[in-house]
Amino acid sequence: MYSSIIRPNTWVAIRLPSGVTRNILVTPNATISLGKYGSFPANLIIERPYHVTFEIEDQRPDEKYSRIRIVPASELYAEIFADEESPDCSAPTVDAAKPVISAEDGVEFTLVDAESGKLVTRSSGEVIDENARQTLTQEEIEELKREGSNAGKDVIAKLMLSHTALDQKTSFSLAKYKLLKTKKYIRRFQILPVDVPNLAHWQLEERDASKILDLRAEMIALVGSWGNVHYGGDSVYLGDPMATCEQGEEALAPLQGDLLNGRWLVVDDTGGLLVAAIAERMGVLFPELDEDEDSLDEQARREKRERREAEKEAEDNQDGDVDMADADDPANRAIDGARPKKVRSSDFAIPYSQTNTITVVHSASQPSLPFLGYWDFDAVAPSHAEHPLCRHLMCLTWLQLLKPELDTAYSTPPLTASPELLGSWKPSRRGNFHRKRRRFARTRHVVEATRAGGFSGLVCASTMDPISILKHTLPLLAGGAPVSMYSPTLEPLAALADCFSVSRRTAWTSGTLPEMVAKTVEELERWEGSEQFPLNPTLLLGTSIQTSRARRWQVLPGRTHPLMTERGGTDGYVFTAWRAKPAAGKVAAKGKFKRRKLETGSAAESEAADTPKA
Amino acid sequence: MTSTLPQTVSPFLEPGPRTKPNSLAVLQLSRDNFVPVYLQQASGEHDGYVEGAVINTRYGSFPHSTLLNVPWGSQVRASKVDTGSRGRKRKWQLDEEAGRATSEPIEDEKETGNGAGEENGDGDEGKQLVTDTSGFIHVLPPTPEIWTTSLPHRTQVVYTPDASYILHRIRARPGSTLIEAGAGSGSFTHASARAVYNGSLVKGKRPGKVFSFEFHEERYHKMKKELSDHALDGIVQLTHRDVYKDGFLVDGKSPEADAVFLDLPAPWEALPLLSRQRPQLREGEAGEAGANPWVSPLHPKKSVFICTFSPCVEQVTRTVSTLRHLGWVDIEMVEIANRKLHTARDRVGLYLPVDRGVNSSAKDIEEAITKLTEIEERFRENARPKQPADGSEPAKVASKAATNGKTSVDEAALKYPWLDGRLVTRGEPEIKTHTSYLVFAVLPMVWTAEDEATALARYPIGNEKFVVSLMGKASMKEERREAMQQKQGNRKSRRKDRDEKLAEAEG
């Protein structure tokens, strides 16, 4: 969970009056410039709350910077409240001279396009041209802006006062005019945490939507929900095999199938946004924060920090060859919280948890998850500061998954060296030696664990053909595991759903197909695919395709209606299903034709529910 | 009731690899037909069945023993079960013990299932089960999605498209504390329990919790039982209460919620009780409440996200107005439209086998022309005056051969009907055009002058060293150009300036 206050050196989103959002790294002792809206010292927002609205104040004569203040909600909504109180609720009241400006709250006011303006002007022929009626010249406006007193409110008030056609405007168009000017000149902003909904919204609306395959919030929610993605159990770690540097791969910690739990398989072509959404649902996206740190007073907080630093120092001093006498028994499994003690782990120690993990299969040689950078995680960084994703995110290539023997990192045996030889090396060479061995152990573990299967779900948002993805991932899913695949367009998913059509399933279960002869259930589960049957049609249940769209509304006193325009482009679709474990051999389904009376409607259902009836 | 189920992690959260006795499983009968079942171990005769508990469906009978200890997702064939004689016997039994256990049939079932605990599952069935050809079902682990689909409609259900979006927007994540008022059918409760669940073993971690409130007493009891049956009662704390009047504190303590979901007919009545400060007293209420200190149900140090769920626009207007007056920001109203799509093979053609779903009209102009030509030919042939038999014979054979040839081409379609026709997608025959309006808002934490002073002391201002600009390169350039123009006029004058400067430098 992100911190409730803005911490230094974190990414935040700044929302401007125009509705534009910008992501920024909050660095102490910097000045943050909002362009035409002004600038202020970053230290003024550090350790302040999120979501409040700040206003840039006028520079005080003796200071070189502008201070900011928090705008109370009553001031934000002053104008709406005035509308509500006016007897005729349907007409907004705007007092041009009043320097109080309505909220910049983007959503409700985004409806300020010409079309709707026409609807409410008094006569159809009368179109108000703002520039023609504005008596202030551009230079004068600039002058006002530069003087810039009262957070831009004066500019707006003066603009309104010097508008000659103001009295000709209807109250609706007047409200709109004021809003337009407010959005342009008011010097307010809001700071939002960078979490998955905000980042996705920003990327979708203001950056390149195609980079995230047009993944809208509704779809992120649907994909995660139907993928049943949730916290997959408390972390469990494999014991450190305590391999010495002379030992090769025989010293690797064996995989323990029964420990693997709550793991999701992910194919992500959205630059890591999907992985972030999944990590958020699993509780491994945000660096762990001390829950109580916020509530502690200053004194306690400082003490805590000092203590932590002291511990770290002690750890550093202990460096070198720690004797491993007090190490855990290799068979012991460290449960989360009681993480490996202060003992340096051996090269073959597996850093990954066995539960609550995300396994990303990627098609390039490196995973492309740049968006995780907003949460201080870099999937390709060789050594990484502590982050929950370090222990819960595993990446491997399709080659490593399907033909590991062709992959160098997997198949090259680890380097070995005697302690004497190792001691004679330069530190850099020694570091390299250990790094390679660690990488080998990690790769081995990730590949073996993934190939062992038993995943709790598959979640995809990929540009690759979904049929080919499923061909190789279906055998890896546990029985009953959900499959949830997003595609910006419908056609690939329709083709996928067609592989599981009723006629295909019927033909398959009839057991008469020549391709199936003399194949065991296990072999059929790893069906290679034929022209007739690209996938084994009995491996998925309840295949379904759906799409969702959120329609946004403006809610204002007497002026409630849906927004006139929204983002178009691709709709986005989700394919959902559950992994089935088909019974061996031919399965007949003749139906039960006897008691016809009970077979219709609710009678049959309640009968099926096995509630003994009196 | 609770004691019959072992206190373990809910099957919704960690179902394990196989079905377990006394745990919830969902049987999928057909596409959208799900039946939730508490599987029981066979313990001799049950409910008149020799096989123990049995599920009867239109696809045949399924003794629980065939569904137990199988991997999730398993396809299970029906078994031959004697249902005929059991019905008669049952009736006779009931006559004898009339009045017993009729009011609570499920209770009765559980008691019988209880004894099964000590026995071993598969071995001791009353008789060897024989597979029936009547059909099969699949056993699925329960998920909030399946549970929502299989819900009997007790009240307005929050369906998955809405529930998933709401939970995403109100930031319900592992470790969150969520207030839900109007538990209703429990569909949202299950989804939110899954969202906030963050394990139990680790100490020092704040456990994710759902504080659920239900006013309707009958629904409350039903929900209570359901939650304990699903082993979710450790995560969901259900309270029977009128939240309009009595607020959201549990045992006088604040739940410290950071997310709120209100599925109430009048959210504006409950909103004042979700403030950070003492709400203004409503008319008719005496000042007696003033004696007790006000405890907010919200987390004091976090922004709180809210969603209200109301079907009518009028409700939304009032809710939004109240939210504004109470200081909530980022108020947004949305409506979710969800569509399900079915794929099918559209089979159109004159020469297709007569089958269900086949539209036997021409598939394209060419086919229409061919058919018309054929008819014309036949027509002409018939119209032709009768000639000696040896002359007409070959022509007829030829035309027949042509038709035969055409049908034989489509024999492939007959053999592989799943490859035939054009792949199309269609919406459902009936769609939900409106569920409810969702109003979202955020309540920032309170920031006092003291807080500000502390923060300012920790991060003093005045020694800024560099500028971080929000603007992109393009807009920064644009701005600089504007500023330049104001300072130095147009390009011409600037060039003049530059030339002068250059001249100076040279000179």
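Computed from heavy atoms alone, side chains included, the values below leave out hydrogens, waters and symmetry copies. A note on names: the letters A, B, ... follow the listed sequences, proteins ahead of strands, and every chain is numbered from 1.
- Heavy atoms of A:Ile70 lying under 4.5 Å from chain B belong exclusively to its side chain.
- With hydrogens and angles ignored, the 3.5 Å screen pairs a side-chain donor or acceptor of A:Asn43 with a backbone N or O of B:Pro460.
- Chain B forms the most heavy-atom pairs under 4.5 Å with one residue out of A:Arg549, A:Arg67, A:Gln532, and that residue is A:Gln532.
- Heavy atoms of A:Thr547 lying under 4.5 Å from chain B belong to its backbone as well as its side chain.
- The CD1 atom of B:Ile331 lies 10.0 Å from the CG atom of A:Leu556; values are rounded to the nearest 0.5 Å.
- With a 4.5 Å cut-off on non-hydrogen atoms, B:Glu335 touches chain A through its backbone and its side chain both.
- Listed here is the closest heavy atom pair of B:Arg324 and A:Val555: NH2-O, 2.7 Å.
- Heavy atoms of B:Leu13 lying under 4.5 Å from chain A belong to its backbone as well as its side chain.
- With a 4.5 angstrom heavy-atom cutoff, B:Pro141 touches chain A only via side-chain atoms.
- The structure places CD1 of A:Ile46 at 11.5 Å from CD1 of B:Ile461, a figure rounded to the nearest 0.5 Å.
- Two residues are said to be in side-chain contact when any heavy atoms from C-beta on lie closer than 4.5 Å; B:Arg194 and A:Arg281 meet this criterion.
- Interface residue A:Leu192: only side-chain heavy atoms are found under 4.5 Å from chain B.
- Taken to the nearest 0.5 Å, the CG atom of B:Asp451 stands 9.5 Å off from the CD1 atom of A:Ile5.
- The most heavy-atom pairs under 4.5 Å with chain B, out of A:Ala494, A:Ala497, A:Ala507, come from A:Ala494.
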Run the side chain to side chain contact (heavy atoms under 4.5 Å, CB included) check on B:Thr425 and A:Leu490 step by step: do they pass?
CA-CA 9 Å; B:Thr425 50; A:Leu490 179 56; 3.3 Å; yes
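- Only the side chain of A:Thr27 comes within contact range of chain B, with heavy atoms under 4.5 Å apart.
- Between chain A and the residues B:Glu452, B:Arg18, B:Arg169, the most heavy-atom pairs under 4.5 angstrom are made by B:Glu452.
- Proximity to chain A involves both the backbone and the side chain of B:Ser321, based on heavy atoms less than 4.5 angstrom apart.
- Listed options B:Val26, B:Thr160, B:Thr317 were ranked by heavy-atom pairs under 4.5 angstrom with chain A; first place goes to B:Thr160.
- Ring geometry, A:Phe533 versus B:Trp418: the interplanar angle falls from 30° to 60°, so the pair is classed tilted.
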Quick one, B:Glu145 with A:Trp226, criterion side chain to side chain donor-acceptor pair (under 3.5 Å). Give me CA distance, side-chain angles, the key distance, then yes/no.
CA-CA 7 Å; B:Glu145 287 73 40; A:Trp226 282 95; 5.8 Å; no
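- Heavy-atom pairs under 4.5 Å with chain A peak, among B:Tyr459, B:Tyr165, B:Trp72, at B:Tyr459.
- Contacts of B:Phe34 with chain A are made by side-chain atoms alone, with heavy-atom separations under 4.5 Å and no backbone atom involved.
- Looking only at heavy-atom pairs under 4.5 Å with chain A, the residue among B:Thr131, B:Val76, B:Leu419, B:Val316 that has the most is B:Leu419.
- Between A:Ala550 and B:Ile336, the shortest heavy-atom contact is CB-CD1, 3.7 Å.
- Between B:Asn338 and A:Leu222 the shortest side-chain heavy-atom distance falls below 4.5 Å.
- The line from CH2 of A:Trp578 to OG1 of B:Thr143 is 6.0 Å long, rounded to the nearest 0.5 Å.
- Here the closest heavy-atom approach between residue A:Val52 and residue B:Met445 is recorded as CG1-O, 4.5 Å.
- Most heavy-atom pairs under 4.5 Å with chain A, from the set B:Leu438, B:Val139, B:Asp32, B:Ile146: that is B:Ile146.
- In this structure, chain B has a heavy atom under 4.5 Å from the backbone of A:Arg579, while its side chain stays farther away.
- Contacts between B:Tyr437 and chain A at a heavy-atom distance below 4.5 Å involve the side chain alone, from C-beta outward.
- The two residues B:Trp447 and A:Glu47 come nearest to each other via the heavy atoms CH2-O, 2.9 Å.
- Ranked by heavy-atom pairs under 4.5 Å with chain B, the list A:Ile32, A:Asn228, A:Ile24 is led by A:Asn228.
- Of the two parts of A:Ser544, the backbone and the side chain both hold a non-hydrogen atom closer than 4.5 Å to a non-hydrogen atom of chain B.
- Judged by distance alone, with hydrogens and angles left aside, the side-chain atoms of B:Arg31 form a donor-acceptor pair with the main-chain N or O of A:Thr543 at under 3.5 Å.
- Residue contact with chain B, scored on non-hydrogen atoms closer than 4.5 Å, is absent for A:Ala478.
- Residue contact with chain A, scored on non-hydrogen atoms closer than 4.5 Å, involves the side chain of B:Arg345 exclusively.
- Proximity to chain A (any heavy atom under 4.5 Å) is shown, for B:Arg339, by both the backbone and the side chain.
- At a 4.5 Å heavy-atom cutoff, the contact between B:Val467 and chain A is made by backbone and side-chain atoms alike.
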Test side chain to side chain contact (heavy atoms under 4.5 Å, CB included) applied to A:Leu285 and B:Arg173, step by step
CA-CA 10 Å; A:Leu285 181 61; B:Arg173 303 168 177 141; over 6 Å; no
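- When all heavy atoms of B:Pro174 and A:Gly283 are compared, the pair lying nearest together is CG-N, 3.4 Å.
- Each of B:Lys340, B:Gln28, B:Lys465, B:Arg77 has some count of heavy-atom pairs under 4.5 Å with chain A, and the biggest count is that of B:Arg77.
- Both the backbone and the side chain of B:Leu456 come within less than 4.5 Å of a heavy atom of chain A.
- Aromatic ring orientation, B:His325 versus A:Phe81: parallel (interplanar angle below 30°, classes split at 30° and 60°).
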Check step by step if side chain to side chain contact (heavy atoms under 4.5 Å, CB included) holds for A:Asn261 and B:Glu14.
CA-CA 9 Å; A:Asn261 233 325; B:Glu14 287 176 26; 5.6 Å; no
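- Only the side chain of B:Leu140 comes within contact range of chain A, with heavy atoms under 4.5 Å apart.
- With chain B as partner, the option from A:Met282, A:Gln546, A:Glu63, A:Glu218 having the largest number of non-hydrogen pairs under 4.5 angstrom is A:Gln546.
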Where do B:Val313 and A:Trp553 land on the side chain to side chain contact (heavy atoms under 4.5 Å, CB included) test, with the steps shown first?
CA-CA 10 Å; B:Val313 157; A:Trp553 286 58; 4.2 Å; yes
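- When A:Arg504, A:Glu531, A:Lys64 are compared by the number of non-hydrogen pairs under 4.5 Å with chain B, A:Arg504 comes out ahead.
- Using a 4.5 Å cut-off between heavy atoms, B:Pro15 makes no contact with chain A at all.
- Contact detail for B:Pro161 and A:Ser548: the closest heavy-atom pair is CB-OG, 3.9 Å.
- Interface remark: of the candidates A:Ser503, A:Pro72, A:Ala73, A:Ser503 forms the most heavy-atom pairs closer than 4.5 Å to chain B.
- B:Gln75 contributes a side-chain N or O that, together with a main-chain N or O of A:Ala583, makes up a donor-acceptor pair within less than 3.5 Å.
- Heavy atoms closer than 4.5 Å to chain A are found in the side chain of B:Thr343, but not in its backbone.
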